[in-house]
There are 2 protein chains.
Amino acid sequence: MKKVTINSVAEYAGVSKKTVSRVLNNEPNVSPATREKVLKVFKELDYKPNPIARGLARNKSFIIGCLYDNPSKSYITRVQSGALEACHKFNYNLLIHPCELRGDELIHNVDQLLTTSRLDGLVLTPPFSDSQELIDFLKTQNIPFARVASALEDDTSISVCSNDEQGAYELTEHLISLGHKEIAFIKGHQDHSATEKRFSGYQNALQNHGIEFNEGLVAQGNFSYHSGADSAKQILDLKPMPTAVFASNDYMAAAVLKLATQRQLRVPEDISIAGFDNAPIARHIWPGLTTIAQPVEEMTRQAVEQLILQISDPSTEVYQKVLEAKLITRESTAAK
Amino acid sequence: MKKVTINSVAEYAGVSKKTVSRVLNNEPNVSPATREKVLKVFKELDYKPNPIARGLARNKSFIIGCLYDNPSKSYITRVQSGALEACHKFNYNLLIHPCELRGDELIHNVDQLLTTSRLDGLVLTPPFSDSQELIDFLKTQNIPFARVASALEDDTSISVCSNDEQGAYELTEHLISLGHKEIAFIKGHQDHSATEKRFSGYQNALQNHGIEFNEGLVAQGNFSYHSGADSAKQILDLKPMPTAVFASNDYMAAAVLKLATQRQLRVPEDISIAGFDNAPIARHIWPGLTTIAQPVEEMTRQAVEQLILQISDPSTEVYQKVLEAKLITRESTAAK
DNA sequence: ATGTACTTTGACACCGGTGTCATAATGTCG
DNA sequence: CGACATTATGACACCGGTGTCAAAGTACAT
């Protein structure tokens, strides 16, 4: 089985390789008869253009990179799944690149990635989507990128996020409507912009319902299950114990639930617990977690799709979108 | 900032591009003085070879593809993490490709992937690592591949797996040693070879301890949480109810735990529950799940590393390895 | 028939590397 | 010191596409 290249196709069809290239790329100025003829040869020889050769000629790789540093595996797989969907639609491929936000090496690390892989663009997921330093670097390097779930104000770069603040507001309101007044809150990782958004949604809801904010009910987590366990201990040890806990993500909420159960507390009778994200674990435990569903796949899908459009036509208008988050009530919250 | 290519380096160093290429690839027949000189220019100009051009010349892409179709997100991220580790070590990249095992399109789908992406090799994860059809296809296409966690007997292709049967045996023995005799079992997905391995480990342990195998205690799952929930219902409805449940993975075990808790059963006092895989969820719920830890990252890391060695030198001996699985006891199992 | 504008086509250089082979430089030994 | 083997180097084609530009073909108006 010999290799089928543009040359063999051209020879077989009796035209020049340039004409074959024209047909391949749907360029104008090919007579219908010629086009037909070449297309037939494509079929006969089962010709598939070599993306590497094309990449060399066009100085493109047709590969999008996805940067992440996130403790939540389910978040990452959801991100990947949305990104892949968009990539496949445009015949791009996805290269995944976990790396650490902290440390001076970030820029160097990304630089390395770019020069060794010749990526056409980057999708930044939290916490990278909030790193001003990284964004500035990418701009100087002229690398197209899109931000997912970023709170940074920058209308010169693509951004798709969901309304974290509103989601947190609704969830808090839900707890308040159930009669809760002492609602503890576990914050997320300091480097993630979502952390402040969710926190202020919580604060605003309290305020608008005439409940005084109490600093003592707030614990600092970092989105990891482990940090949730530490915060849970801190909160459940409070006297009096709050009647509800709102954790900034489901993993931390699961940790609260675990400790509460260990201490023989009944959930939700003795204490209500809520999370954020609607991660799989939220419905895999008992009681299921009341939470906020974020459209992670959809955010990433749109971000990557826009990124690819931007790459193929840099004059495309910069896309900025805020998607809605949705309250999901399960068994972990109940009236006081 | 101009582009630095092999040509500019050659010109700047006053040598031919071929000599630069020699230095780049550590080829012999370059005088130490010349090599030194060229290396210095590399540094001065901050030269990075273009992998696409190299790929075209060598007919290589330096990309490994990873095929998966697995309901467990944590399994997938663990696979990816091991694969990435090996890829980065050899300056390869990883392309992820979720696809469906079922359907006639599998071969076509993979064929498509290969021709459009020019992958240098494929890592097959369950259930693909057990698909004889796919393996035969890859062999005819002469595509290097490595199997992860496959039970298929084929000493002509790279394989790294863990000892599922022994793990299941040990876990069952653990339950028996706690005094359990009615141990229910939830099987995994029929397409996964691990399913039969784990099942026979369970059966063998029963037999060696003089406990009669009872078909009625076996439920058919498919590794998904949902199937675990169905099986849980079936098992907890049995009269008399078994005193222990061994699910073929942690997600299904978590589903059993959830239903048991919903029914006010105390775990492990009323019923012991065990899983397999040591997925994150095993320690995120209460009580924590007794389970078998599989070295997923390590399996994949070794598989990909060997795959790359195989690619760079096809005469490399075919690597086949079985890693050990390890019993992890937590709170979900106790004496009867 | 001729001029003009537009469409179609192909020759050829180029992207940035690698492989082949001829040639130049150097080393070895009688 | 000359004959020969060995090492170092570069010229050039090639991988499989795309971009540029000139030339050939076609349509239409005058």
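Protein chains get the first letters and strands the later ones, always in sequence-line order, with residue 1 at the start of each.
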Report task. Check the surroundings of atom NZ in A/Lys139: do more than 12 heavy atoms from other residues, nucleotides or ligands lie under 6.0 Å from it? Result ->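 Check passes, neighbour count above 12.
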Query raised in the report: So does B/Thr34 get a side-chain nitrogen or oxygen closer than 4.0 Å to the phosphate oxygens (OP1/OP2) of D/dT9?
Result: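 Affirmative; the distance criterion is met.
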Query raised in the report: Using a cut-off of less than 4.0 Å, is there contact between a side-chain N or O of A/Lys18 and OP1 or OP2 of D/dT18?
Result: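 So the side-chain polar atoms of A/Lys18 never come under 4.0 Å of the phosphate oxygens OP1 or OP2 of D/dT18.
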Query raised in the report: Quick one: is B/Asn29 getting a side-chain N or O under 4.0 Å of the D/dA8 phosphate, OP1 or OP2?
Result: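 Yes, such a contact exists.
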Query raised in the report: Within the pair B/Ser21 and C/dG17, is there a side-chain N or O less than 4.0 Å away from OP1 or OP2?
Result: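 So the side-chain polar atoms of B/Ser21 never come under 4.0 Å of the phosphate oxygens OP1 or OP2 of C/dG17.
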Requested in this report: Check whether the side chain of B/Arg22 and the base of D/dG10 form a donor-acceptor pair under 3.5 Å.
Outcome: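 Answer yes: a donor N or O sits under 3.5 Å from an acceptor.
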Query raised in the report: Closest to the A/Ile6 side chain: C/dT18, D/dG17, D/dT9?
Result: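 Minimum distance to the A/Ile6 side chain belongs to D/dG17.
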Query raised in the report: Taking only side-chain nitrogens and oxygens of A/Ser16, does any of them come within less than 4.0 Å of OP1 or OP2 of C/dT9?
Result: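 No, outside the criterion.
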Query raised in the report: Expressed in angstrom and rounded to an integer, what is the separation of B/Asn7 atom CG from D/dA11 atom C1'?
Result: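 These atoms are roughly 13 Å apart.
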Requested in this report: Measure from the side-chain N and O atoms of A/Thr77 to the backbone N and O of A/Lys73, and report whether any donor-acceptor pair falls under 3.5 Å.
Outcome: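 Answer holds: yes.
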**Report entry** OP1 or OP2 of C/dT9 under 4.0 Å from side-chain N/O of A/Ser31
**Finding:**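 Yes, because at least one side-chain N or O of A/Ser31 sits under 4.0 Å from OP1 or OP2 of C/dT9.
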Query raised in the report: If each of A/Pro49 and B/Val30 is mapped to the nucleotide of DNA chain D with the nearest heavy atom, which maps nearer the 5' terminus, i.e. the 5' end?
Result: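 That would be B/Val30.
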Query raised in the report: How is A/Val20 classified with respect to the nucleic acid when contacts are heavy atoms under 4.0 Å: base, sugar-phosphate, or nothing?
Result: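 Counting heavy atoms under 4.0 Å across all strands, no contact is made by A/Val20.
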**Report entry** Given C/dC15, C/dG17, D/dG16, the nucleotide with the shortest approach to the side chain of B/Leu24
**Finding:**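 Of all the options, the side chain of B/Leu24 is nearest to C/dG17.
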Query raised in the report: Less than 4.0 Å between a side-chain N and a carboxylate O, is that true for A/Arg58 and A/Asp120?
Result: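 Salt bridge flag = no for A/Arg58 with A/Asp120.
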Query raised in the report: Taking for each residue the nucleotide of DNA chain D with the nearest heavy atom, is it B/Gly14 or B/Ala53 whose nucleotide lies nearer the 5' end?
Result: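 Result: B/Gly14.
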Query raised in the report: Nearest to the side chain of B/Leu56 - C/dT18, D/dC15, D/dG17?
Result: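 Taking heavy atoms from C-beta onward, the closest nucleotide is D/dC15.
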Requested in this report: Mind telling me whether A/Phe42 and A/Tyr47 have parallel, tilted or perpendicular rings, with 30° and 60° as the class edges?
Outcome: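 The rings of A/Tyr47 and A/Phe42 sit tilted, inter-plane angle from 30° to 60°.
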Report task. Could you check how far CZ of B/Arg58 sits from C1' of C/dG19, rounded to whole Å? Result ->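 In whole Å, C/dG19 C1' lies 11 Å from B/Arg58 CZ.
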Query raised in the report: What's the shortest heavy-atom distance between A/Tyr92 and A/Ile63, and which atoms?
Result: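 Smallest heavy-atom distance, with atoms named: CD2-N, 3.9 Å.
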Query raised in the report: Are any of A/Thr19's side-chain N or O atoms less than 4.0 Å away from OP1 or OP2 of C/dG10?
Result: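 For C/dG10, OP1/OP2 do have a side-chain N/O of A/Thr19 under 4.0 Å.
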Query raised in the report: Looking at C/dG10, does its base get a donor-acceptor pair with the side chain of A/Lys17 below 3.5 Å?
Result: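 It does not, because no donor-acceptor pair links the side chain of A/Lys17 to the base of C/dG10 below 3.5 Å.
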Query raised in the report: Is B/Thr5 near enough to C/dC15 that one of its side-chain N or O atoms lies under 4.0 angstrom from OP1 or OP2?
Result: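 Looking at the OP1 and OP2 atoms of C/dC15, neither is under 4.0 Å from any side-chain N or O of B/Thr5.
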